[in-house]
Amino acid sequence: MECRHDVDLEEPCPVCGDKVSGYHYGLLTCESCKGFFKRTVQNNKKYVCAENQECRIDKAQRKRCPFCRFQKCLHVGMRLEAVRADRMRGGRNTFGPMYKRDRALKQQRKALIQAGGFRLESSPPVVYSAHPRDFTFAGGLQPDCILPTEQNDCISYQPPSLCSLLPSSSPVGPQYQSVPFSNWTIKSKHTNNCDSPPGSAAATYTDSDELHSSSPQGPGMPRLVTEFLLCDPDELQLQNKISARIQQEQTGWRRLGNPGTFSLMCVMADQTLLSIVEWARTSIFFKQLKVSDQMKLLHSCWSELLILDIISRQVLYGRVGSLLLVTGQEVQLSDIASQAGPTLAGLVQRGQELVERLHILKLDRQEFACIKFLILFNPDVKDLEEHQLVESVQEQAEGALLEYTSRTSSQHLGRFTHLLLCLSELRSLSTLAEDYLYCRHLSGEVPCNNLLIEMLHAKHSWP
DNA sequence: CTAGCCTTGAAT
DNA sequence: ATTCAAGGCTAG
């Protein structure tokens with residue numbers, strides 16, 4: 001064994017890098033940032049940044065700029081709701097189960113990494129995602145119910161364009177690097193996780209038995225499936241990140257009046273899209289592609305991936321009768337049916353039917369992970385420079401999926417076929433959703449200046 | 001203000 | 001009875 005015993009909570013505080021002392025206000029942080037966050041929220045402190053609101057926060061300098069420190073706290077996903085208004089001591093809050101699952105998840109990841117012999121430095125992807133619906137919010141879709149109010153000024157957010165997001169080698173675009181996403185950017189830049197093994201220039205994986213063996217998922221899981229799973233982002237981090245992002249967006253909007261549910265959903269979709277791009281960018285095989293091909297593939301399948309993301313969340317964690325959002329909140333389907341327009345309501349209805357079909361098939365995370373690659377590596381996309389590589393990956397993903405289903409299901413061929421049928425339904429659903437979004441965009445209802453719009457335009461300008 | 005240590009108390 | 005993330009306290 002090369003592995004030292006408990007590497008347990010090795011991860012540094014996401015705010016300042018100091019030693020983590022436990023879960024505080026939604027995530028693992030150090031004692032000092034816990035205290036700082038508490039004081040700030042409890043006493044409703046307002047800070048001002050003497051510089052450019054982009055101070056670096058580390059252990060040595062964290063005292064220098066409380067404004068930026070608090071900004072970073074929110075940005076990494078510390079939860080205002082976890083600071084108690086009544087100051088009641090002791091006990092447990094609604095985050096309890098979430099912490100528990102996060103722990104289990106980290107443990108599994110560790111085991112998986114050990115089993116597979118992977119070398120993932122920090123911020124590695126994860127095997128099981130946390131169950132996000134634990135902190136159910138009472139509120140419906142009204143934005144003011146969704147997130148707690150106030151807090152300091154919002155950072156103006158310039159969304160990155162797809163091409164500035166994609167290059168993985170060179171430092172990314174200037175906008176992306178600045179303010180809000182800095183923490184993520186830095187992480188992913190340094191950790192380019194799933195690095196391809198030495199000597200495998202081609203996109204081919206051989207199943208060496210050493211890797212084909214044990215994993216937490218059970219013996220003999222196809223190597224590629226494990227590999228795909230490891231590329232998946234951490235659902236809990238994602239949830240925190242997007243919640244924080246939307247919160248900032250809202251504080252910005254508050255000055256301009258009520259944003260409306262649809263705009264909020266667009267921001268959510270936009271942020272999800274960002275995470276999808278980030279997933280792709282750091283994923284095995286995809287990062288070997290030329291950026292031009294990467295862009296073509298993503299432009300072609302973003303809506304499918306987006307809808308698959310929503311659907312997989314429902315299948316894996318959702319409850320009947322409600323829609324589970326990426327932020328962990330739940331919306332009643334009946335509310336959607338009554339409040340949304342007929343087109344949207346129809347789309348949601350159709351999506352829900354697909355969710356039910358997949359639920360009956362009992363799709364798991366492994367299968368969703370394969371399907372994502374199946375969708376991303378679409379050899380039918382026009383003018384690919386590395387068409388063959390794309391085709392090869394799709395075949396391998398399909399093979400891995402087939403192998404995996406045959407191991408978990410007795411009537412695997414029927415199940416596999418059914419699964420592929422679901423994918424074609426997903427495709428037509430995503431086309432409809434795209435058209436719908438595009439229409440609303442044309443009537444000026446989609447918030448401007450984001451990745452969502454860029455994607456919408458890309459497809460409509462490329463016949 | 002900061003941050004390390006202490007006390008609480010619902011969930012397990 | 002134990003856990004452990006909340007809030008509280010207090011030197012520096």
Run the ring-ring contact (aromatic ring centres under 6.0 Å, His included) check on A:Phe36 and A:Tyr47 step by step: do they pass?
CA-CA 12 Å; A:Phe36 171 77; A:Tyr47 308 113; 5.7 Å; yes

Restricting to nitrogen or oxygen on both sides, can you table the protein-nucleotides 3-6 of chain B pairs closer than 3.5 Å?
from  : atom 1 : to      : atom 2 : distance (Å)
B:dA3 : OP1    : A:Arg62 : NE     : 2.8
B:dA3 : OP1    : A:Arg62 : NH2    : 3.1
B:dA3 : OP2    : A:Arg69 : NH1    : 3.0
B:dA3 : OP2    : A:Arg69 : NH2    : 3.2
B:dA3 : N7     : A:Arg39 : NH1    : 2.9
B:dC5 : N4     : A:Glu31 : OE2    : 2.7

Report yes if a side-chain nitrogen or oxygen of A:Tyr25 is closer than 4.0 Å to either non-bridging phosphate oxygen (OP1 or OP2) of C:dC4; otherwise report no.
no

A:Asp58 side chain near A:Asp18 side chain, heavy-atom distance below 4.5 Å:
no

Between C:dC4 (P) and A:Tyr23 (OH): distance, integer Å:
11 Å

State whether A:Glu367 and A:Lys362 are salt-bridged, where the test is any N-O pair (Lys NZ or Arg NE/NH1/NH2 against Asp/Glu carboxylate O) under 4.0 Å.
no

When you check the phosphate oxygens OP1 and OP2 of C:dG8, does a side-chain N or O of A:Gln42 lie under 4.0 Å from one of them?
yes

Considering non-hydrogen atoms only, spot the tightest contact between A:Leu224 and A:Ala397 and give its length.
CD2-N, 4.4 Å

According to a strict under-4.0 Å criterion, is A:Arg84 in side-chain N/O contact with OP1 or OP2 of B:dA10?
no

Atom-pair distance (CZ on A:Phe95; P on B:dA11), nearest Å:
15 Å

Specify the separation, in whole Å, of atom CG of A:Leu27 and atom P of C:dA5.
12 Å

C:dA5 phosphate, OP1 or OP2: any side-chain N/O from A:Asn93 under 4.0 angstrom?
no

Does a side-chain heavy-atom distance below 4.5 Å link A:Gln314 with A:Ile310?
yes

Give me the distances for all protein-to-nucleotides 1-3 of chain C N/O pairs that come in under 3.5 Å?
from  : atom 1 : to      : atom 2 : distance (Å)
C:dT3 : O2     : A:Arg92 : NH1    : 3.3
C:dT3 : O2     : A:Arg92 : NH2    : 2.8

Working to the nearest 0.5 Å, report the span between CG of A:Asp335 and CG of A:Leu323.
11.0 Å

Between N or O atoms, less than 3.5 Å apart, protein on one side and nucleotides 10-12 of chain C on the other: list the pairs.
none

Do A:Lys287 side-chain atoms and A:Arg281 backbone N/O form a donor-acceptor pair below 3.5 Å?
no

Side chains of A:Tyr404 and A:Asp364, donor plus acceptor under 3.5 Å:
yes

Consider only side-chain N and O atoms of A:Arg313 and A:Thr272, and report whether a donor and an acceptor are under 3.5 Å apart.
no

Test item: A:Pro14 and A:Leu27 side chains (from C-beta on) under 4.5 Å apart, heavy atoms
yes

For A:Phe67 and B:dT2, what is the distance between atoms CZ and C1' respectively, to the nearest whole Å?
20 Å

Rounded distance in Å - NZ (A:Lys100) to P (B:dA10):
19 Å

Verify the distance criterion only: is there a donor paired with an acceptor across the side chains of A:Arg103 and A:Tyr99 at less than 3.5 Å?
no

What is the distance, rounded to the nearest whole Å, between atom CE of A:Met88 and atom P of C:dA5?
18 Å

